[in-house]
Amino acid sequence: MALQRQDIVRVNPHLVAWVDEVAGRTRPDSVHWCDGSQEENSSLVREMLRQGKLIELDQDEYPNCYLYRSDSSDVARTESSTFICTDDKSDAGHTNNWMQTGVALNTLYELFDGCMKGRTMYIVPYIMGPVGSPYARFGVEITDSRYVVISLRIMTRMGSTAIEQLGSKDDFVRGIHSMGTLDPKRKYICHFPETKLIMSINTNYGGNALLSKKAHSLRIAGASARLEGWMAEHMLITGIEDENGEVSYIAGAFPSASGKTNLAMLKPPSGYDRFKILIVGDDIAWLHLDTNGRLCAINPEAGFFCVAQHTNTRTNPNLMATIRRNAIFTNVALSPSRTPWWEGKSNLNLTDSSPMVDWQGREWKPGGSPAAHANSRFTVSVSQYPSLSPKFADPEGVPISAILFGGRRASLVPLVYEAFSWEHGVLMGAMMNVETTAAADGKVGVLKRDPMAMLPFCGYNMGDYFQHWLSFGSKSKKLPRIFQVNWFRTGMDHEFLWPGYGENLRVLKWITDRVKGKVNAVKTPIGYVPLPESIDVEGLDLSKSTMENLLRVDVDGWLEELASTELFFKSFGDRFPERLWREYHDLVSRLEKKRSAN
Ligand code: OXD
Ligand code: MN
């Protein structure tokens, strides 16, 4: 049974007063309080199928799986329409689009005025984090999109449980979303960290419309975390169980669509059959210090919203098994047998009589533009994943031994190296400069600054963000060690030098062995680099010179990189921490010393 307003008003009048106010502005035909039940979900799906908004996939092959096609102008996060709204511009910082709070509210109130006429307004209460965890937080998203409701049911713990756990509290993130008219020129995703409010209109793309995800869990939560002394990061969390059954947890920040999900779900390669990778999360980590000073992480989400392209039984067999039921596919192609397809999934076997249909519903033949959108996605519950960590829902989270920073770099960044200290590691993250991908609008493959993979997701001034990271350095002596990894270094022939995917476990093993003090490394100006022979390449066709190439420290290249990094850092003015300048200058002088010694 749907939740009833009259029951909720007795427990949480703040929530009901806000919902009434939003309904007064948006003027929907009806209001539905979501309970999150199976019946409710089925009736939403039925209604979407009836209206042609969802397409049923072959129910024998893909039970309870559906295809959703978004508007062709609304297929990725739109950073140019994403704003941090504060009273003072410097609180958002120059890396964010900014609107003054009052101006933004006026603009948005006008757009939201009557925007739900003829529609149902859904109220979706949700919990981010394990139920009952002291680190979980609440949110309520108001939306007129059924796609958003059925997706949030997968991505969060939503409905009656959230209402029960919220009780009478007024401390929840308020999200208001409307598809509006999907007019791209009037698309806004506005965040008001000072009041924990999010308003999103004229978009239905997941990253812009599922407000629990980037908007709540990173931009708003990040701003709260800074004030409360924890961290909200764009990171995977995964457990590596070694041959002795000992589990080490790592957290890794990688820019969108850079293999973060595949790493979190890595399948051990042959020779590593006694290892297990136990996923906790593939996108977002909330980190806090426990009473022993260990940095522990929870995954606030309950679902995966993954890039489909190139996911296949070789790159990610466990995920391929996970999406065979109860999944929503967005902007993928539809095969003649009504199964989902995307580039890099499997070989095609098409006959002329039964064509493939592309992501926009048009007949498709091989050779033309891609059948699936490059940022096509699937949404599926974490609980269906075969190698889920038993600690996934642990209210205390898991203790992190190593933090990884990564991203696509064809040159310069070695396969792996370790920071000298927490502060040096913060510099490593702040210096991230990576190739862009299709997860956001814009050109793909150009170098872009993306500190800690957080540039699009930091809800406040990034200078203050760096300071917040540094502040942990003095809070504990048991912080994780920090590493940078790069699976994407190429040779003279532009081919990748490292095989990647499951073989990345060999690098993770070096990392966890370093943390356990089991393996030595070479001290270089940029950090501790493995000896070529200390990464196990048994069974791989990798020569010693390829390994040397993968681990080479290009002193001139780094000095060049640092010159452009300096300009980036200077752009933060006096909000850039002195302590990080010190790390930066130390790195420059180590490299210069090495250059003159060569
Ligand atoms: C995502 C992203 O969807 O980073 O996770 O864009
Ligand atoms: Mn992401």
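Numbering of ligands and ligand atoms starts at 1, following listing order. Since we're looking at a predicted model, the values are computed, not measured.
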Engineer: Identify which protein N/O/S atoms are less than 2.8 Å from the Mn ion (ligand 2).
Structural biologist: Lys214 NZ, His234 NE2, Asp283 OD1
Engineer: Restricting to non-hydrogen atoms, name the atom on Ala410 and the atom on Glu435 that form the minimum distance, rounded to 0.1 Å.
Structural biologist: N-OE2, 3.3 Å
Engineer: Look at atom 3 (O) of ligand 1 and find which of Arg377, Arg77, Lys213 reaches it with the closest heavy atom.
Structural biologist: Arg377
Engineer: May I ask you to check whether Arg77 and Ser256 show a side-chain donor-acceptor distance below 3.5 Å?
Structural biologist: yes
Engineer: Within the structure, is a non-hydrogen atom of Lys260 found at a distance of less than 4.0 Å from ligand 1?
Structural biologist: no
Engineer: Can you classify the ring geometry of Trp469 versus Trp422 as parallel (below 30°), tilted (30 to 60°) or perpendicular (above 60°)?
Structural biologist: parallel
Engineer: With atoms numbered from 1 as shown, which atoms in ligand 1 lie under 4.0 angstrom from a non-hydrogen atom of His234?
Structural biologist: 4 (O)
Engineer: Verify the distance criterion only: is there a donor paired with an acceptor across the side chains of Tyr460 and His468 at less than 3.5 Å?
Structural biologist: no
Engineer: Say whether Tyr147 and Ser70, considering side chains only, have a donor N or O and an acceptor N or O under 3.5 Å apart.
Structural biologist: no
Engineer: Atoms of ligand 1 less than 4.0 Å from Asp283 heavy atoms?
Structural biologist: 5 (O)
Engineer: Can you confirm if the aromatic rings of Tyr66 and Tyr62 lie within a centre distance of less than 6.0 Å?
Structural biologist: no
Engineer: Verify whether one side chain among Ser564 and Arg449 offers a donor that lies under 3.5 Å from an acceptor in the other.
Structural biologist: yes
Engineer: Would you mind running through ligand 1 and noting each atom that sits below 4.0 Å from a heavy atom of Ser256?
Structural biologist: 2 (C), 4 (O), 6 (O)
Engineer: Could you tell me if Ser381 and Arg153 have a donor-acceptor pair between their side chains, going purely by distance under 3.5 Å?
Structural biologist: no
